[in-house]
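A short write-up of the structure that comes next.
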Amino acid sequence: MGEDSRETMRVLDLITAASTHLAEKGVENARLEVELLLGHLLGLDRVNLYMAFDRPVTEEERDAFRALYRRRLAREPLQYIIGSTGFREVELKTDSRALIPRPETELLVGTALDFLAKRESPLFADLGTGSGAIAISLLYENTEASAIAVDISDDALLLAHENARAMGFEDRIGFVRGDMLSALEGHGPFDAVLSNPPYVRTGDIAGLDPEVRDFEPGNALDGGRDGLDFLREIAVKAHEYLKNGGLVLLECEGGQADDTAAVFQQTGHYIEIEVICDLAGKKRLVKAVLR
Ligand code: GLN
């Protein structure tokens with residue numbers, strides 16, 4: 001009996017022990033991450049996990065948790081371990097085949113939605129779709145829209161396709177394997193060309209968090225020497241694929257926004273060019289509307 005109670009570990013004990021350890025290893029938000037990991041394992045949302053703090057953890061659960069926890073300790077991103085993430089109003093499957101959808105990209109979708117709401121049965125392109133986050137959340141929030149999603153990676157396209165199928169969107173989205181705009185040959189014209197392209201400077205990749213650097217696909221991040229390779233290319237050529245009054249909307253990071261806007265300007269094809277800041281106040285999107 002005495003021995004038994006010494007062995008008994010409760011949910012809260014496990015959370016405390018694991019999150020203290022994870023924090024010591026330098027992971028931010030360790031407590032939250034441990035709660036999400038354990039909640040995932042036990043099939044409990046956070047409220048119900050809190051309600052279960054006093055409940056004993058079985059040996060089986062402990063072993064199962066340990067296996068997941070070890071992966072997180074090795075800095076694998078939580079979203080890959082759990083296998084899904086929320087993005088705006090949809091839940092998307094996430095694994096190492098594609099970049100994890102980021103909160104800042106939700107702003108791109110929101111901005112595109114406002115624009116597409118004014119166009120009839122809009123057709124848009126999502127270049128470098130990855131998990132399909134941009135295309136699928138837009139299809140979910142604008143039921144009139146349809147999409148062509150492009151990626152150079154077969155793996156990413158498979159994941160995006162799985163996500164589209166899970167939503168029942170297969171008849172509203174076409175998938176094309178190829179390199180950005182060149183993959184749109186023979187498709188369109190589009191009401192909007194949208195992209196969260198790779199925009200990390202090649203030289204900055206080594207300094208990224210291990211979660212990103214060691215686990216997410218490098219070709220989804222590397223934007224060349226100044227990070228502008230894809231942004232520049234899209235800004236130069238997107239007009240060929242757009243309807244009159246169509247939108248190009250690109251995600252980038254602070255220092256790249258003005259340079260990208262300048263490229264749009266130089267083409268002479270756009271009437272409205274705008275840089276949009278994210279919730280943190282950083283320049284994050286470049287918008288351009290075709291003449
Ligand atoms: N915001 C991402 C990151 O730094 C980069 C995404 C991208 O290159 N498109 O983690």
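The figures that follow rest on heavy atoms only: side chains count, while hydrogens, waters and symmetry mates do not. Counting convention: from 1, in listed order, for ligands and their atoms alike.
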**Q.** Protein heavy atom at shortest distance from atom 10 (O) of ligand 1
**A.**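 Protein heavy atom with the smallest distance to atom 10 (O) of ligand 1: R102 NH2, 2.7 Å.
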Q: Starting from atom 4 (O) of ligand 1, locate the nearest protein heavy atom and write down its residue, its atom name and how far away it is, to 0.1 Å.
A: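 Closest protein heavy atom to atom 4 (O) of ligand 1: V200 CG2, 4.2 Å.
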Q. Among P198, G227, P197, whose heavy atom sits nearest atom 9 (N) of ligand 1?
A.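 Comparing heavy atoms across P198, G227, P197, the nearest one to atom 9 (N) of ligand 1 lies in P197.
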(Q) With respect to Y199, determine whether any N or O atom, backbone or side chain, lies less than 3.5 Å from an N or O atom of ligand 1. (A)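 Yes, at least one N or O pair falls under 3.5 Å.
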(Q) Under a 3.5 Å cutoff, is there a donor and acceptor pairing between the side chains of Y80 and E211? (A)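 No pair is found: no donor N or O on one side chain lies under 3.5 Å from an acceptor on the other.
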Q) In terms of side-chain heavy atoms, does D151 have a donor or acceptor partner in T129 at a distance below 3.5 Å? A)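 There is no such pair between these side chains.
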Q. Taking the six-membered ring of Y69, is the NZ or CZ of R72 close enough (under 6.0 Å from the centre) and on axis enough (within 45°)?
A.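 Geometry flag: not set, cation outside 6.0 Å or 45°.
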(Q) Between Y270 and F264, is the ring centroid distance below 6.0 Å? (A)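 Under 6.0 Å, so yes.
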Q. At a 4.0 Å cut-off, with the gap strictly under it, does some heavy atom of E104 reach an atom of ligand 1?
A.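 Within the 4.0 Å threshold, so yes.
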Q.
If we ignore hydrogens and angles and just use 3.5 Å, is the side chain of E61 paired with the main-chain N or O of T58 as donor and acceptor?
A.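 Yes.
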